[in-house]
Structure formats: structure tokens, C-alpha cells
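Indexing begins at 1, ligand by ligand and atom by atom, following the structure's order.
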Amino acid sequence: MGKEKIILDVDPGSDDAIAIAVAGRHPRIELLAITAVAGNQTLGKTAKNALKVCSHLGITGVPIAAGMSHPLVREPITAANVHGESGLDGVELEEPKLDLDPRHAVDLIVEMLSSLSGDINFVATAPLTNLAVALRKKPGIAKKIKRIVMMGGSYGLGNITPAAEFNIYADPEAAHIVFSSGVPIVMMGLDLTHQAVVTQDVIKRVECIDNEASRLFVGLMGFYSTRYRERFGFDGAPLHDPTTLAWLIDPSIVETKAMHVDVELRGEHTYGRTVCDYWCALGKLPNADVGVRLEVERFWDAICEALSFYS
Ligand code: BDR
Ligand code: CA
């Protein structure tokens, strides 16, 4: 199997940091660029966290650019309650030895997609502001994206409101632009990512890898899992964001179902909900393959393998 080229759009964020680690060395993934956006924390923190993770793990030669500091319409929110004040609570990473790319992330995305031949995946594990602005700035790039693989939304419960998931709720208008762009979408919503729980057994397994990446995983997941246990009563934190990369590495790890997905922009109680037409009640053409079932053991095999490529 060949490599999948990706631009990785993140808001690190504990699980985003693991997504960067997975993408950074896996032989099935060619990481072309990392773009940061405001989400789990402010843009200043998420961009610096992306630099810190790459510097710490020795991921070099990949441009890292900072993008949108605010959502398109709504007021900004963060998820400090689960990722901490730094966005990466649970670990103390040294000051990065890398610098940000001088370009705005939106310009980097537009330039990279315009100059290459339509074989790039846009992997988004954050609010979709950067991609939405890039699509508005240069609509022609929609044809150049092979597919969008994103973490966000849910056809069942929400996690930030009863109806909405954090990444979509943090910028619903941007998500609306992306879901109506015509680009093929693979959506890893909470229905799927809540099957990827970092239990104590997972932690022990990752600990045995015993390298920089596994130690980063254990440090971050310790804090993040405690927050998830307290807040949601889970057995550990769901490793939401890396499910996107697991699907790219081996699509058979995730069972998907084609659905038409719309983003609710006006509902008083449902703002930011992904309305997923599971039963094709409206008869509209599907615009997303939505994750429904995770091959849990094979998912952890893929994550552990990806972490084992570090020294
Ligand atoms: C999503 O929200 C963020 O807090 C996580 O990084 C993940 O991308 C889960 O709802
Ligand atoms: Ca994220």
C-alpha cells in the first residue's frame, strides 16, 4: 500500500498531540504540514503546543503554521476542563527548537492544495475554521482535496451540550461550510471515538514501548483520563483524534455508514449539532462516511505500532 499525503489541522490538546505523534513517523502517512487553530486552547497555546510536540519527538522538516484565532461567528470557547490550562497538562515539555512557518495557516493550506495534484487528505482534529476560511478564500481548492478525514460531531449524544460535540460546537458555521463543500468526508464522531477508551490496560501496553512517544502518551493520558473519569464517568479518556489516522492507515479498522450530514445553525438547544440522516429519511445524497464501529484491538495495535517508530 502507498502513502497517504496529509495536511494535519490540530488544536493540541492531549489527543491531538497523539495524532501528531501517530502521523509523524508512520510509513503509511506522509505528513506535509501541520496547521494549528484555536479550539482546546487559544491559538497562541495550540500553535506553540504543536511546535513543542514536534520538537520533543524530533519531527522536523514539516512546516507548522498558526491559523485562525477566532471562530467565524460565535464567541470563542476552550476545553481547558479536559486538556488543562496549557492544553497539554500532564506533561512538561521543553521550549521548542522549531519555529512557526511565517505563513498564515490558511495561506499555507491554499498554496499547498493549489500546487499539488489532488491527492492530499485534509485531516482535521479541531474546529474547522482554517479549512472553512481556505475554502472561502479559494473555492477551487475543494476539487484538489482527496478527502477530508475529520474528528467531530455525533449522530447520538453531544459532549459539550446535550446535542453537540466540541469541535463542531466551537465553530458551527465553519463546519457548515465544510459539510456543504462537496469534498468527500470521513467523519469520526463521538459514536465512534467513545469506543477508543484509554483504559489502564492500554496505558500498560503503551508503557512497555518505552520511548519518547510512549512516555508522552502515558503522561498526557494520565491527566486527560482523570478528567474524563471525573466529568463523564468513563473508564479512561477516549482517544478521539487519532481515530482519523487509524482509518487512513487501515480503513478496515473503522466501519462507516454513508449519511447526509447537516450542521444545525439555528436551534436554540441544538446549535452545533451534526444532524446525521442515519436512515436516509430525507433521501438526500450522502456527503459523509460516518464511523459507526471500531475494531478496538486492531485500533490499539495500529496506535502502538505508530508510537513504536520513535526512539
Ligand atoms: C474533540 O474535542 C477536543 O477536546 C478533542 O481534542 C477532540 O478533538 C472531542 O470532542
Ligand atoms: Ca482536537
task = Just do the salt bridge (charged side-chain N to carboxylate O under 4.0 Å, His left out) check on Arg147 and Glu4 with the steps written out, would you?
result = CA-CA 11 Å; Arg147 58 170 91 81; Glu4 293 284 356; 3.7 Å; yes
Ligand 1 contact on Asn159 by region, counting heavy-atom pairs under 4.0 Å =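 The side chain, only.
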note = Restricting Asp11 to its N/O/S atoms, the closest one to the Ca ion (ligand 2) is OD1
request  = To the nearest 10 degrees, could you say what angle the Ca ion (ligand 2) makes with OD2 of Asp16 and OD2 of Asp241?
outcome  = 70°
task = Inspect the contact between Glu30 and Lys3 and indicate whether a charged nitrogen and a carboxylate oxygen are less than 4.0 angstrom apart.
result =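 Judged by the 4.0 Å cut-off on N to carboxylate O distance, Lys3 and Glu30 do not form a salt bridge.
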key: NZ/NE/NH1/NH2 to OD/OE distance under 4.0 Å, Lys52 and Glu92   = no
query = Any cation-pi pair here, Arg74 with Tyr169, using under 6.0 Å and within 45°?
reply =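 Yes; both conditions hold, so Arg74 lies above the ring face of Tyr169.
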key: Any N, O or S atom of Met151 closer than 3.0 Å to the Ca ion (ligand 2)   =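 Here the distance criterion (N, O or S atom, under 3.0 Å) is not met by Met151, so no.
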Flag side-chain contact, heavy atom, 4.5 Å: Phe122 against Leu8 = no
note = min-distance protein heavy atom vs atom 10 (O) of ligand 1 -> Glu165 OE2, 2.4 Å
Enumerate the atoms of ligand 1 whose separation from the nearest heavy atom of [X] is less than 4.0 angstrom.
X      : answer
His240 : 9 (C)
Asp15  : 5 (C), 6 (O), 7 (C), 8 (O)
Asp16  : 6 (O)

task = Step by step, work out the salt bridge (charged side-chain N to carboxylate O under 4.0 Å, His left out) result for Arg293 and Glu295.
result = CA-CA 7 Å; Arg293 200 175 60 80; Glu295 290 279 345; 3.4 Å; yes
request  = Select the closest option to atom 8 (O) of ligand 1 among Asp241, Val10, Thr78, Thr46, judged by heavy-atom distance.
outcome  = Asp241
key: Closest to atom 4 (O) of ligand 1 among Ile18, Asn167, Asn40 (heavy-atom distance)   =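 It is Asn40 that holds the nearest heavy atom.
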ask   = Phe234 and His194: ring pair (Phe, Tyr, Trp, His ring centres under 6.0 Å), yes or no, with the steps?
value = CA-CA 9 Å; Phe234 280 32; His194 283 180; 5.0 Å; yes
query = Going from CG on Asp16 to CD on Gln41, what distance comes out if it is rounded to the nearest 0.5 angstrom?
reply =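 Answer rounded to 0.5 Å: 12.0 Å.
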Ligand 1 and [X], any nitrogen or oxygen pair closer than 3.5 angstrom?
X      : result
Asp11  : no
Thr125 : yes
His83  : yes

request  = Using atom types as modelled and distance alone, determine if a side-chain donor or acceptor of Asp11 lies under 3.5 Å from a backbone N or O of Ala36.
outcome  = no
